[in-house]
Amino acid sequence: MNNRPINFVLSLADTKAMSQYDTHSVRRLSSMADYYLDQAAFEALLAQDDLILYEVYGIDRPAVSGELISGITVLHAGKVGQEYFMTKGHFHAVLETGEIYYALRGTGMMVMETPEGECSVEPFAAGQVVYVPPCWAHRTINTGNNDLLFFWVCPAAAGHDYGTIAKHGFRKLVMATEEGSTIMANPRWSPR
Ligand code: PA5
Ligand code: NI
């Protein structure tokens with residue numbers, strides 16, 4: 001890895017979206033056991049197919065102070081029971097680090113919360129930017145019928161703490177109801 005400027009294209013039309021990347025990771029349904037509220041629906045869907053829920057393309061940089069990493073996430077459309085496909089969500093391992101999200105395509109929401117229990121659910125559709133302040137856990141949810149594609153940038157040294165959310169959940173869920181996308185308290189959320 002050198003220290004030269006990087007230039008790439010974010011395409012709004014192309015499925016591949018990013019003209020250049022170092023990493024490509026794929027998250028399948030099987031990697032999200034226990035993340036969704038409706039366990040029976042999860043098992044039934046998994047029995048049909050281990051679907052790809054989302055893919056992350058990233059520009060890698062050294063995990064040191066001053067460096068930024070960036071990339072694109074493609075979050076596919078679908079539901080587990082009445083709950084929309086979503087990212088795992090995480091705090092940053094270095095808690096006091098923020099992140100910028102910019103939605104390129106699709107319709108969704110971002111669910112965020114602090115360790116103290118402050119919550120925010122923000123609309124996140126094409127054209128919208130969400131600033132995730134330091135210390136806020138963040139998850140993206142695709143409430144639409146097409147891919148939700150977004151660009152993100154954060155400090156390269158931020159790292160990911162998945163364990164806290166995997167164990168305790170987010171306080172808020174977004175479910176599909178007759179009224180549309182509905183924010184509700186997560187009945188499975190547990191205090192630390
Ligand atoms: O750094 C971020 O917040 C994003 O790049 C996410 O990692 C990405 O959207 C995938 O979500 P998660 O890491 O929660 O699986
Ligand atoms: Ni993050």
Side-chain angles (χ1 to χ4, degrees), residues 6 8 10 16-18 20-36 42 50-65 67-78 80 83-115 119-126 128-144 147-174 186:
I6 300 170
F8 59 93
L10 293 184
K16 209 167 140 198
M18 208 162 158
Q20 179 194 323
Y21 51 85
D22 302 311
T23 56
H24 174 213
S25 54
V26 169
R27 288 275 162 80
R28 289 182 182 275
L29 187 63
S30 56
S31 74
M32 292 191 67
D34 278 344
Y35 274 87
Y36 287 95
F42 177 86
D50 190 7
L51 294 171
I52 294 176
L53 302 190
Y54 59 103
E55 300 177 59
V56 184
Y57 299 84
I59 302 282
D60 215 12
R61 295 296 303 167
V64 296
S65 166
E67 288 277 1
L68 299 172
I69 50 169
S70 61
I72 284 224
T73 301
V74 182
L75 176 54
H76 300 304
V80 176
E83 198 172 9
Y84 300 105
F85 285 180
M86 61 191 184
T87 59
K88 289 187 169 185
H90 56 266
F91 284 97
H92 288 159
V94 179
L95 189 63
E96 298 85 4
T97 48
E99 186 156 355
I100 293 271
Y101 272 60
Y102 176 40
L104 301 169
R105 255 193 268 159
T107 313
M109 287 186 166
M110 281 191 70
V111 175
M112 291 165 279
E113 69 178 49
T114 67
C119 296
S120 175
V121 181
E122 300 291 328
F124 188 52
Q128 276 175 306
V129 176
V130 171
Y131 174 57
V132 182
C135 305
W136 286 71
H138 40 289
R139 160 178 287 163
T140 316
I141 295 174
N142 185 347
T143 57
D147 285 350
L148 174 62
L149 228 111
F150 54 93
F151 179 65
W152 47 265
V153 188
C154 72
H160 294 90
D161 161 19
Y162 288 105
T164 305
I165 294 299
K167 191 166 174 203
H168 301 281
F170 276 89
R171 288 168 166 83
K172 302 284 183 196
L173 299 180
V174 182
N186 177 6

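Note that ligands are numbered from 1 as they come in the structure, with each ligand's atoms numbered from 1 the same way. Numbering of residues begins at 1 and proceeds along the displayed sequence.
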To the nearest 0.1 Å, how far is atom 10 (C) of ligand 1 from its closest protein heavy atom, and which atom is that?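 Heavy-atom neighbour on the protein nearest atom 10 (C) of ligand 1: Tyr54 CE1, 3.6 Å.
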Starting from atom 4 (C) of ligand 1, what is the nearest protein heavy atom, named by residue and atom, and what distance separates them?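 The closest heavy atom on the protein side is Tyr101 OH, 3.3 Å.
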Check whether any heavy atom of Gly89 sits under 4.0 Å from an atom of ligand 1.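 Gly89 counts as a contact of ligand 1 under the 4.0 Å cut-off.
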Arg139 near ligand 1 by a heavy-atom separation under 4.0 Å: no
Just jot down the ligand 1 atoms closer than 4.0 angstrom to any heavy atom of [X], in number order.
| X | answer |
| --- | --- |
| Phe150 | 9 (O) |
| Arg27 | 12 (P), 15 (O) |
| His160 | 1 (O), 7 (O) |
| Lys88 | 14 (O), 15 (O) |
| His138 | 3 (O) |

Should one rank [options] by closest heavy-atom distance to [atom], which comes out on top?
| atom | options | answer |
| --- | --- | --- |
| atom 11 (O) of ligand 1 | Ile165, Thr97, Val153, Thr87 | Thr87 |
| atom 9 (O) of ligand 1 | Ile69, Thr73, Leu53 | Thr73 |
| atom 5 (O) of ligand 1 | Trp152, Tyr57, Tyr162 | Trp152 |

Using modelled atom types and a 3.5 Å cut-off, is there a donor and acceptor pairing between side-chain atoms of [X] and backbone atoms of [Y]?
| X | Y | value |
| --- | --- | --- |
| Asp60 | Asp22 | no |
| Asn142 | Gly144 | yes |
| Tyr162 | Phe91 | no |
| Asp50 | Leu29 | yes |
| Arg61 | Ala156 | no |

At under 4.0 Å between heavy atoms, which part of Glu99 makes contact with ligand 1: side chain, backbone, both or neither? side chain
Using a plain distance cutoff, I'd like to know if Val56 has any nitrogen or oxygen under 3.5 Å from a nitrogen or oxygen of ligand 1. no
Classify the angle between the aromatic ring planes of Phe42 and Tyr36 as parallel (below 30°), tilted (30 to 60°) or perpendicular (above 60°). parallel
Aromatic centroids of His76 and Phe85 separated by under 6.0 Å: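 Ring centroids of Phe85 and His76 are no less than 6.0 Å from each other.
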With respect to Phe150, which candidate in Tyr101, Tyr57, Tyr102 satisfies the ring-ring contact (aromatic ring centres under 6.0 Å, His included) definition?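 Only match with Phe150 under ring-ring contact (aromatic ring centres under 6.0 Å, His included): Tyr101.
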Taking both backbone and side chain into account, is any N, O or S atom of His138 nearer than 2.8 Å to the Ni ion (ligand 2)? yes
The Ni ion (ligand 2) and His160: any N/O/S contact shorter than 2.8 Å?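 No.
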Looking at His92, which of its N, O or S atoms is the nearest one to the Ni ion (ligand 2)? NE2
Which atom of Glu99 approaches the Ni ion (ligand 2) most closely (N/O/S):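 Among the N, O or S atoms of Glu99, the one closest to the Ni ion (ligand 2) is OE1.
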Side-chain donor-acceptor contact under 3.5 Å, Glu113 with His138: no
Checking side-chain polar atoms at under 3.5 Å, does Thr73 have a donor or acceptor matched by the opposite partner on Trp152? yes
Just one of Val129, Ile100, Leu10 clears the side-chain contact (heavy atoms from CB on, under 4.5 Å) bar with Phe151, so which one? Leu10
